[in-house]
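For reference, the structure discussed in these notes is given below.
These figures come from a predicted structure and were not determined experimentally. Read the numbers this way: they start at 1 and go in the same order the structure lists the ligands and their atoms. The figures that follow rest on heavy atoms only: side chains count, while hydrogens, waters and symmetry mates do not.
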Amino acid sequence: MHTYKEEIGSILQSLVELEPARVVELLETPPDPGMGDLAFPCYVLAQRWKQPPAAIAARLARDLSGKRGRFWEKAEARGPYLNFHLDAAAFGREVLEQISAAGERYGWSESGRGKTVVIDYSSPNIAKPFGIGHLRSTVIGHSLYLIFQALGYRCIGINHLGDWGTQFGKLIVAYEHWGNEAELLADPVNYLFELYVRFHRSAEEEPALEDEARAWFKRLEEGDPQAVDYWTRFRSLSLENYESIYDLLGIKFEYYHGESHYNDRLTGVIRLVREKGIAVESEGALIVDLEKYGLPPVMLQKKDGATLYLTRDLAAAIYRYETFHFDRALYVVGAEQKLHFQQLFKVLELLGFDWARNCVHVPFGLIHFKEGRMSTREGKIIFLEEVLQKAIKMAREIIEEKNPGLADKDAAARIVGLGAVRFGDLSNDRIKDVEFDWDKVLDFSGETAAYIQYAHARICSILRKAGGVKAEWAIGATALQAEEEKALIKTLALFPEKIEAAAESYRPSTIARYLIDVARDFNRFYHNCPVLNSDPALQQARLLLIDAVRLVLVNGMGLLGIESPEEM
Ligand code: ARG
């Protein structure tokens, strides 16, 4: 689409005395394709030209009458707009050629070449189960990772595990009181979680447990061998469980640098903060006053010397900059931590790090199940693993019913089930809360992964019957003129822009919504334009078209971390 816009930009530049890039920016999509494919709004010239917009549009249309470009065949005035009509055959040929030439890289670019983006995502808390709440960070973060990679960025994925803090003191106390080795080994994550819940329940009646927990955590911070031993075991048992979930989801991190990774850098951070004179001592604690910036104060060190979540994040940010020299650092973390990141970035700025402005919090809303918001403390939590297994099982049942003859039903069910969960999340604007509804996420005709995967599988089936597409096939001048075909081609042409837009706004939903449009345009085409039952020239053109649709669907779903099965 961009080539086409640029062509209009260069045609109009002398007529309207605007830079081509400015013309490109101004171009709009008319509400009804019958009116044209792109519209230049003439009211932007009205003041300068001292003429009504409609008169300007009419005059420009006269200037361009009888002319045509490589991709547009006519320009007409319509009210205050100058509307351009695409030369469908030329444009279609160009778009389909580009798609087939780029293949698995169609949509990809080099715009991020030489730049590094660090993405902090997933980051569950050790010894608490990997809950569905962390699903959002995991799938949004992973998709952003893939999107930036497609734009040529060097991506560094970091799992900032919550592997340090008072919860370890609590777990140790609980384990000391009620723990049982055999049960721990049988099902470590669930068992640790039970202990955690039990601790909180008991501490309500017996507040002394809290003191005990604090004391254990202090021992841990001081490197007491017994405490460290507990911590190491709890951590590695939890990590094993997370890794099996990441394997299932096909996710790999460059680093598992959890909060504990920064333990030996904390004194340095505290020293730096003191040197820069941005902190004050208050009742023995170290505080940075942010009132001037409209933010509440932050504590960097408690009076007993303990550091906080934010202190660790300061150390982590500085470490990341020193290690990776990032151009951007993304933190894919729930919106409830908005204030934390505002404070973090402000303190970094006050410390004089000009790269602080390249740190971005990418927030997202909550995920709701019927049970309401999950909380680890009360023990009402939905386990991500269970959700994933349930999705796979449900997908298996649907496939069994719809396609009993399918050869590898398990493989298809895994792809469809995991896709349903991911897409159920990613198709929503991330900032909104998600209502997770089993029936909706697996509805084959709704706005779901299955809907898109089904369109893809259908294309694969047509291509199999036709014996694939041949390199020497071409699109005739009169082919692909049906409205459904033109609409589909225009949609396919938008893919590269959608990837850029998704990266700019950190919104994978841009791609998810776009893929629904592609699948919908494809289905409309498919219902009205026979592929295999058309004459040979048209058949070739249509096969080339659906092969391009296939590539866009595969590439686009790939950016969401979702596979596209050839049969389902
Ligand atoms: N472990 C934290 C939590 O579950 C998220 C960590 C996000 N990353 C960070 N650098 N603070 O709330």
Salt bridge check, [Y] against [X]: does any charged N sit closer than 4.0 Å to a carboxylate O?
X      : Y      : answer
Asp429 : Arg507 : yes
Arg271 : Glu275 : no
Glu322 : Arg265 : yes
Arg105 : Glu110 : yes
Glu400 : Lys409 : yes
Lys303 : Glu281 : no

Can you find an N/O atom of Ser123 closer than 3.5 Å to an N/O atom of ligand 1? yes
Using a 4.0 Å cut-off to any heavy atom of [X], which atoms of ligand 1 qualify?
X      : answer
Gln337 : 3 (C), 12 (O)
Tyr309 : 2 (C), 5 (C), 6 (C), 7 (C), 9 (C), 11 (N)
Val333 : 7 (C), 8 (N)
Tyr331 : 10 (N)

So for Asp313 against ligand 1, with non-hydrogen atoms under 4.0 Å, the contacting part is side chain
Contact region, Phe341 to ligand 1, non-hydrogen atoms below 4.0 Å, reads side chain
What protein heavy atom sits nearest [atom], and how far away is it?
atom                   : answer
atom 1 (N) of ligand 1 : Asn125 OD1, 2.7 Å
atom 8 (N) of ligand 1 : Asp120 OD1, 3.1 Å
atom 4 (O) of ligand 1 : His134 NE2, 2.9 Å

Residue pairs passing the salt bridge (Lys or Arg N to Asp or Glu O under 4.0 Å) test with at least one member in residues 177-186, sequence neighbours excluded, are Glu181-Arg233
